Amino acid sequence: MTTIASGTDTLTRDALTVLQPGFTGTTAPDWLLRSLGEGLASVGLFGRNIASAGQLAALTAQLRAEREDVLVAIDEEGGDVTRLEVRTGSSFPGNLALGAVDDVGLTREVAAELGRRLAACGVNLNWAPSADVNSNPDNPVIGVRSFGAGTDLVARHTAAYVTGLQSVGVAACTKHFPGHGDTAVDSHQALPRIDVDAHVLAERDLFPFRAAIAAGSRAVMSAHILVPALDPDRPATLSRRILTELLRGELGYEGLIVTDGMEMRAVSATYGIERGSVLAIAAGADAICVGGGLADEETVRRLRDALVAAVRSGELPEDRLADAAQRVRALAGWTAARRTDTVRTTGGADGDVGLRAARRALRITGADGFTPLTEPPYVAALAPVANIAVGDETPWGVAAELFRLLPGTETGSFTGPDAGKEVLAAAGPRRIVAVVRDEHRHPWMAAALDALLADRPDTIVVEMGVPRAAPRGALHLATHGAARVCGLAAAEAVTGG
C-alpha cells in the first residue's frame, strides 16, 4: 500500500482538506489517522463501519484524538437509507412517510431526535435530507427518499428537517442539487438527464433548495445529473454554471458544497475520479465525497495528487482550492462549537417519535369488516433488486414484527414471473401477507399479486414503497417506506396490536 507522504505545505494540506473519504473496518486505520494530521478534515462513514452505538462513539473519539474538529459525515436519511441501524432497520420513518403525515413539527422533531443519536455517537455532518421533488413516479433511486411529488410539500418539510437536525449541532447536507426527482436513471449506474425548461426547474426543483438555504442548511450536495436547460455539456457536480453561478450567485448560498459520491458511474465512467474531482472543485464544489466503493489510502493519494497537479499546471486556480478548503474548515469550526458531552439519545416522548410518526403515516384501505389476524400467517416478500443507495444489508418488511406478535409466522422472498405460483405453494393453508415495494414499477410484482388475489382473495397487501398502484387485497396497507418502524406499524394494524 502506498504511504501518503507527510506534507505540510499549504497546497498539499488544502488538497487533503477538501476530501471526504471512507475506509473499511470498525476502527480507523493508521493511514487515515495519519492523514488527519496532514490536513484531512473530513471522514465519511458507511454501514460497514458501524457495529453498535458504543463502537461508533469509540471510533469517532479515535478520529478526534487526531483532529479535534474533524467532520464525521454519514448518509443517515432514516427510513430506507440508514447506516446507524444498517443491520436492523431504522427507528425513524423516511421522508415519504413524513410527507404523508404533513406535520412540519413532527418532521422537525424526528430530525432532531435522529440528530441527537448521531451527535451522541460523535457524528456531526449528515448527508441529508433529500430535497428532491419525486415528480417522476418511475424514479429508480429517489422514490420514498423524497417527501413527495408536491413542490410546496417538499420545501416546507426540507426546511423543517434542516432546522431540526441542526438544532442539536449536526450539520445538514441538503441533496441532490439541482434536483434528482425527475430522473428515470440511477446516477450510481449511468448519467441521468433531465429535459425540462429552466422555468420548470426554478418553480419545481429549485424551490425546496431555496427553502433549505433560507433555513440555514450548512451544506448542499450536488447531483450527478445532466440538466441541458442549465448546462448542456456537464453534469451538475462538474458545472460552474450550476454550482457557482446558480447556487452561489443566484440563490445566494454561502455554505459548503459537497459532491455526491465520485465513484458513482455517472461521473467515474466518463471522467474518472481524478479528473472529475478536479473539475468539481473548479466548478465550485468544496468537498469531494468518495468512499462508498473506493475506501482506501490509494484513493486518497490519487485524488490529493490530482488536485495538487491541477493547481501546479494552472488548470485549477490555487485560490479556488484554498477557498474550498476554508469552507470545509469553517463548517468543522461550526460543528466543533456545538458539540456537547450530554446528548440525550433515548427515552421519553422523543425516543418514541419515530414509531409515532410511522403509525401516523400508515394508510389503510379495506378495514371495514376486517378481522385482525390471530393465527401466524405466511409473509411473502415480493422483493425487487435493491436500490444501490439503500443497499441490500438492511432488512425490510413485516415478517420480523409479525413473528414477534404472532410466533410461528413464516416467511419467504420471491421474485420473477412465477412468484405468484411459488408463494401459493409455499404458503399452504396459511393466510398470506404479501409485502411489495413500488408495485407500479414492477410488472412481475403486479402479476404476482394478480395470481395471489385470484386464488386467495383474503390476501393482505402491504405496500412499503411509493403507493401509486391502486389499493387491493382484503386489507391494503401503505407504509410510505420500509423502515423497521414502518413494518412495526403495519404489523400492529394487521394484528390489532
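We number each residue from 1, following the sequence as shown. Note that the structure is predicted; figures quoted are calculated from it, not measured.
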Do L201 and V227 come close enough that some side-chain heavy atom pair is under 4.5 Å?
yes

Does the pair R329/D14 count as a salt bridge with the N-to-O cut at 4.0 Å?
yes

Would you mind reporting whether V123 and L125 have side-chain heavy atoms less than 4.5 Å apart?
no

The criterion is salt bridge (charged side-chain N to carboxylate O under 4.0 Å, His left out); which residues satisfy it with R248, sequence neighbours excluded?
D286

Checking R302 against E298 for the salt bridge (charged side-chain N to carboxylate O under 4.0 Å, His left out) test, could you report, in this order, the C-alpha distance in whole Å, the side-chain angles of both residues, the deciding distance, and whether it holds?
CA-CA 6 Å; R302 287 166 57 194; E298 179 69 11; 5.3 Å; no

Check: L40 and P21 side chains under 4.5 Å, non-hydrogen atoms:
yes

Donor-acceptor check, side chain of D438 to backbone of G465, threshold 3.5 angstrom: yes or no?
no

Polar side-chain atom of R327 near backbone of E254 as donor-acceptor pair, under 3.5 Å
yes

Working for side-chain contact (heavy atoms from CB on, under 4.5 Å), residues R356 and V485:
CA-CA 9 Å; R356 289 192 284 110; V485 286; over 6 Å; no

Work out which heavy atom in A357 is nearest to a heavy atom in L106; give both atom names and the distance.
CB-CD2, 3.8 Å

Quick one: ring-ring contact (aromatic ring centres under 6.0 Å, His included) partners of Y161, sequence neighbours excluded?
none

As an exercise, state the distance from CE of M262 to OG1 of T299, rounded to the nearest 0.5 Å.
12.0 Å

Tell me whether S217 contacts the main-chain N or O of I213 through its side chain, where contact means a donor paired with an acceptor under 3.5 Å.
no

In terms of heavy-atom contacts, V308 and A15 come closest through CG2-CB, 3.8 Å

Distance in Å, S52 OG paired with E85 CD, rounded so as to fall on 0.5 Å steps
12.0 Å

For D30, is there an ion pair with R34 - N to carboxylate O distance below 4.0 angstrom?
no

side-chain contact (heavy atoms from CB on, under 4.5 Å), that's the test. Do L307 and V278 meet it? Break it down for me.
CA-CA 6 Å; L307 291 167; V278 169; 4.1 Å; yes

Check the pair L382, V435 against side-chain contact (heavy atoms from CB on, under 4.5 Å), reporting the backbone distance first and the verdict last.
CA-CA 6 Å; L382 303 181; V435 187; over 6 Å; no

Quick one: do E297 and R301 make a salt bridge, cutoff under 4.0 Å?
no

Who pairs with N95 by side chain to side chain donor-acceptor pair (under 3.5 Å), at least two apart in sequence or on another chain?
none

Spatial distance of atom CG (L11) from atom CG (L16) [nearest 0.5 Å]
10.0 Å

For R240, which residues count as a salt bridge (charged side-chain N to carboxylate O under 4.0 Å, His left out) partner, sequence neighbours excluded?
none

F207 atom CZ, neighbour heavy-atom count above 12 within 6.0 Å:
no

For A28 and L33, which heavy atoms make the closest approach, and how far apart are they?
CB-CD2, 3.7 Å

Any R145 side-chain heavy atom under 4.5 Å of D132 side chain:
no

If I take atom CG from residue L246 and atom CZ from residue F209, how far apart are they, to the nearest 0.5 angstrom?
10.5 Å

E318 (side chain) donor-acceptor with V311 (main chain) under 3.5 angstrom:
no

Donor-acceptor under 3.5 Å (E66 side chain, L36 main chain)
no

Could you check if a side-chain atom of M221 sits within less than 4.5 angstrom of a side-chain atom of T259, using non-hydrogen atoms only?
no

What pair of heavy atoms forms the shortest contact from A211 to A159, and how long is it?
O-CB, 4.0 Å

With rounding to the nearest 0.5 angstrom, report the CG to OG distance, L114 to S91.
9.0 Å

Verdict with supporting geometry, V170 and Q166, side-chain contact (heavy atoms from CB on, under 4.5 Å):
CA-CA 5 Å; V170 176; Q166 295 188 165; over 6 Å; no

Run the salt bridge (charged side-chain N to carboxylate O under 4.0 Å, His left out) test against R404 and tell me which residues pass, sequence neighbours left out.
E401

Once you round to the nearest 0.5 Å, how far does CG of L45 lie from CD1 of I74?
5.5 Å

Hey, are R241 and E250 close enough for a salt bridge, meaning a charged N less than 4.0 Å from a carboxylate O?
yes

Please report the closest heavy-atom contact between A483 and D80, naming both atoms and the distance.
N-OD1, 3.8 Å

Is there a side-chain contact between R484 and F92 (heavy atoms, below 4.5 Å)?
no

Using only atom types and a distance under 3.5 Å, with no angle test, would you say the side chain of E76 pairs donor to acceptor with the backbone of T82?
no

Can you confirm whether E68 is buried at CD, in the sense that more than 12 heavy atoms of other residues, nucleotides or ligands lie under 6.0 Å from that atom?
no

Measuring only between side-chain heavy atoms, which start at C-beta, is F147 closer than 4.5 Å to P208?
no

Test your reading of the model: is there a side-chain donor-acceptor pair from R338 to the backbone of W334, 3.5 Å cut-off?
yes

Looking only at non-hydrogen atoms, find the nearest pair between S277 and L303 and report the distance.
OG-CD2, 3.6 Å

Any chance CZ of R320 has more than 12 other-residue heavy atoms, nucleotides or ligands included, within less than 6.0 Å?
yes

Sorted by first residue and then second, give each salt bridge (Lys or Arg N to Asp or Glu O under 4.0 Å) pair with at least one member in residues 162-182; sequence neighbours left out.
D75-K175, E77-K175, D182-R204

Heavy-atom check, side chain of Q189 versus side chain of V185, under 4.5 Å:
no

Side-chain H-bond candidate by donor/acceptor type, S239 with D231, under 3.5 Å
yes

If only atom types and distance count, is the side chain of H188 paired as donor or acceptor with the main-chain N or O of M264 below 3.5 Å?
no

Check the angle between the aromatic planes of W127 and F46 and answer parallel, tilted or perpendicular using the 30° and 60° thresholds.
tilted

Answer yes or no: is there a donor N or O on one side and an acceptor on the other, between the side chain of N139 and the main chain of H180, under 3.5 Å?
yes

Expected output: side-chain R339 to main-chain D69 donor-acceptor under 3.5 Å
no

